[in-house]
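Read through the structure below, which is laid out as structure tokens, and then see the notes.
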Amino acid sequence: MLEQLQISLKDALEKLQLPSDNIKIIKSNRPDLCDYQYDGAFKLAKLMHKNPLEIGESITEELKQGPYKEYYQNISCIAPGFVNLTLSNKFIIDQIKLMITKPKYNITMPKKETIVIDYGGANVAKPLHVGHLRPAIVGESIKRILKYMNQSVISDVHLGDYGLQMGQVIKGLLEQNIAISNIDIKLLDNLYPLMSSRCKIDEELKKECSMITKELQDGNELYQKYFQKILEVSKKDIKRIYDYLNVSFDLWNGESDSYKYIPSLTNELLANNLLKESNHAMVIDVSKDDDKLQIPPLIYQASNKAYLYGTTDLATIFARQQNYHPNKILYVVDMRQNLHFTQVFRASQKLPSTKNIELEFLGFGTINGEDKKPFKTRSGNTPKLDALFKEAKEIFIKQKEENKNLSDQDLDKIVNAIIKFADLINQKEKDYIFDLLKFSLVNGKTGPYILYTYLRVKKIIPNITQTVDNLKENIYNEQDRDIYIKLLDLDNIMQNAFLGRSPSSIANYLYELCVLLNAFYEKNHMNNLEDKEKKVNWSHLLNLATNIIETLLDLLDIQIPSKM
RNA sequence: GUUCUAGUAGCUCAGUUGGAUAGAGCGUUGGCCUCCGAAGCCAAAGGUCAUGGGUUCAACUCCCUUCUAGAACACCA
């Protein structure tokens, strides 16, 4: 839609013999004056050594007489040189017709690419807690946005399954003489924190665990048996949580799956003279001359010959190249891993077979408590996800008497909406404060508010009996006009969400659209509408708006309950 | 210590390549149900955009100072 406005402006600029490349039209920040604005007159004025008001006025005049004049109801230039554009009813309704009839609301689709997206990243043998919420929610949403925008997407959970924690847990199991068949999730949940804290104070124990990890990697049969069982038990639990969140993956690979690629990766590294020894470890130098901060080398093989996470991450890129030939690989991971991925990415770019893959680090912020430190329960523990879901459900039920009658299915969808919307409304890069009470409210920028609005509006849409050809070029008041203008902005929002890998722009748009729909609901009545033309127009308008809400909620991986 | 990120209303946050009067939500105050869901809507109050300088016709936005907070900084992931 913006493109058409740009074309109209380009035409005017060309006729005035002014430079007409890179035309920027933005949504007005003075909605009382106009829908869109063009601020280029200032730069043109400087370039041409003229008065900006003069330039602005000549553009305005040209637009008013040009071939695209019917796009606009009003074009004006206001001192010191802003060009204000107000869309005509005809243009608005024409665009709306296209949104209704063309696939995917006539959104412009980018070039198709093969993209691997790596998110989730749960660690095997470590209990899932609130910290695992973001990579799952943000990653799933970005995946859905990419798919919607026509990309060929492969999602991989990339489990952390071959690191030191495996050695620690196996050591603990051996110490306590636990039979492989007796390993269950409860045991693992308790064992990992115990071993981890013991290793922090006991150097000898840590060394031992590290050796077990190394031998596991080398194929020690007993350790492999333990590993397989731990993987099985842990995966089952991780899957259960992801199922509840409706998060799914094409690949359930882990660090261990990259292991078989290490020999050929090593060969390529050696052939290109990229590996060197440093303090008995094998490292890849990734520093650059203009680094402000010294970037340490990527440790490829530790001095005890064990492979570390940099190795498996590099081997995973290598493996993905061989199996899927991706154009891009996206990593939805904790912001704090920034340096690590800088090292891995640089190493990958030195490698002939992977250097052409574009690697994107999509770091997300921490979920904090009210004290702005990583979220903990009152007793000081990191809360488990099961408990969190249960709490959200209870808080929501308490808000209204009738909520007790909601089905479990609907309640689970609402819990998902509460948690996901609260997360996704924030920019993924930033930390946010976890406050279930606030997230569960039905007013404000919350999931329940969106769901409520949707269900409320959905009920007043009459059956649509007339096609879009019967839409009149008529806009009736401020409320329906506001909604039309908001809907026309969808394309722009989707481009931002896609290019910026930014679910938050969709979440914010959803909220703004819902506010407008509630205002419409309040001031207009769909029942007993005398004016038949108005009824047709509004039916289509509300139908389009609710369809868009459905689509966008799906992109945020939020499902709609049957009632609430 | 070095590097990076952040500091906007009482609280939580938008403000994406510099544009007009810095916007929302929560909270506070006051209004609106004999018509489709009041879990809603409308309105008001609330700001030295951390600080001091600079660049520009124009700075919350770009550059530099200082202060404050958080994060990362070679064998854990």
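Lettering of chains follows the sequences in order, A, B, ..., and the numbering in each one begins at 1.
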Open item on the list: Under 4.0 Å, heavy atoms only, any strand: does A/L298 hit a base, just the sugar-phosphate, or nothing?
Closed with: nothing
TODO: Could you check whether A/N518 gets within reach of a base, just the sugar-phosphate, or nothing at all, counting any heavy atom under 4.0 Å?
DONE: sugar-phosphate
Open item on the list: With a 3.5 Å cut-off and heavy atoms only, can you find an N or O donor on one side and an acceptor on the other between the side chain of A/N403 and the base of B/A39?
Closed with: yes
Open item on the list: Between B/C62 and B/U55, how far apart are the two C1' atoms, rounded to whole Å?
Closed with: 8 Å
Open item on the list: Please compare A/K523 and A/P80 by the position of their nearest nucleotide in RNA chain B and report the one closer to 5'.
Closed with: A/P80
Open item on the list: When the P atoms of B/A6 and B/A14 are compared, how many Å lie between them, rounded to an integer?
Closed with: 11 Å
- [ ] Could you give the distance separating B/G54 and B/A59 at their P atoms, to the nearest angstrom?
- [x] 12 Å
TODO: Sticking with atom C1', work out how far B/A69 lies from B/C26, rounded to a whole angstrom.
DONE: 24 Å
Task: Members of residues 451-464 of chain A that approach RNA chain B, where some heavy atom sits under 4.0 Å away - done: A/Y452, A/R456, A/K459, A/I460
Open item on the list: Less than 4.0 angstrom between a side-chain N/O of A/Q479 and OP1 or OP2 of B/C41, yes or no?
Closed with: no
Open item on the list: Please give the distance between the P atoms of B/G52 and B/C60 as a whole number of Å.
Closed with: 13 Å
Task: Sugar-phosphate or base contact per nucleotide [nucleotides 72-77 of chain B; S, B, -; heavy atom under 4.0 Å] - done: SSBBSB
TODO: Mind checking A/F520 for me? I need base, sugar-phosphate or nothing, with any heavy atom below 4.0 Å counting as a touch.
DONE: nothing
Task: hbond_proxy A/N426 side chain to B/A14 base (donor-acceptor, 3.5 Å cutoff) - done: no
- [ ] Assign A/D39 to base, sugar-phosphate, or nothing according to its heavy-atom contacts below 4.0 angstrom with the strands shown.
- [x] base
TODO: Syn or anti for B/C33, please, going by whether the chi angle lies within 90° of 0.
DONE: syn
TODO: Could you work out the separation of B/C33 and B/U51 based on their P atoms and round it to a whole Å?
DONE: 45 Å
Open item on the list: Give me the distance, rounded to whole Å, that separates B/A20 from B/C57 when you measure between the C1' atoms they each carry.
Closed with: 13 Å
Task: Residue A/N527, side-chain atoms from C-beta onward, closest of B/A39, B/C36, B/U12 - done: B/C36
Open item on the list: Once you apply a heavy-atom cut-off of 4.0 Å, does A/M564 come out as touching a base, just sugar-phosphate, or nothing?
Closed with: base
Task: Sugar-phosphate only, base, or nothing, as touched by A/D32 at under 4.0 Å among non-hydrogen atoms - done: base
Open item on the list: Heavy atoms only, 4.0 Å cut-off, all strands: where does A/N492 land among base, sugar-phosphate and nothing?
Closed with: nothing
TODO: Would you indicate what A/Y521 reaches in the nucleic acid, counting non-hydrogen atoms under 4.0 angstrom: base, sugar-phosphate, or nothing?
DONE: base
Open item on the list: Counting the atoms with a prime plus P, OP1 and OP2 as sugar-phosphate, which does A/N524 contact under 4.0 Å by heavy atoms, base, sugar-phosphate, or nothing?
Closed with: base
Open item on the list: Please check: side-chain N/O of A/N492 versus main-chain N/O of A/Q495, any donor-acceptor pairing under 3.5 Å?
Closed with: no
Open item on the list: Categorize A/Q37 for me: base, sugar-phosphate, or nothing, with a 4.0 angstrom heavy-atom threshold over every strand shown.
Closed with: base
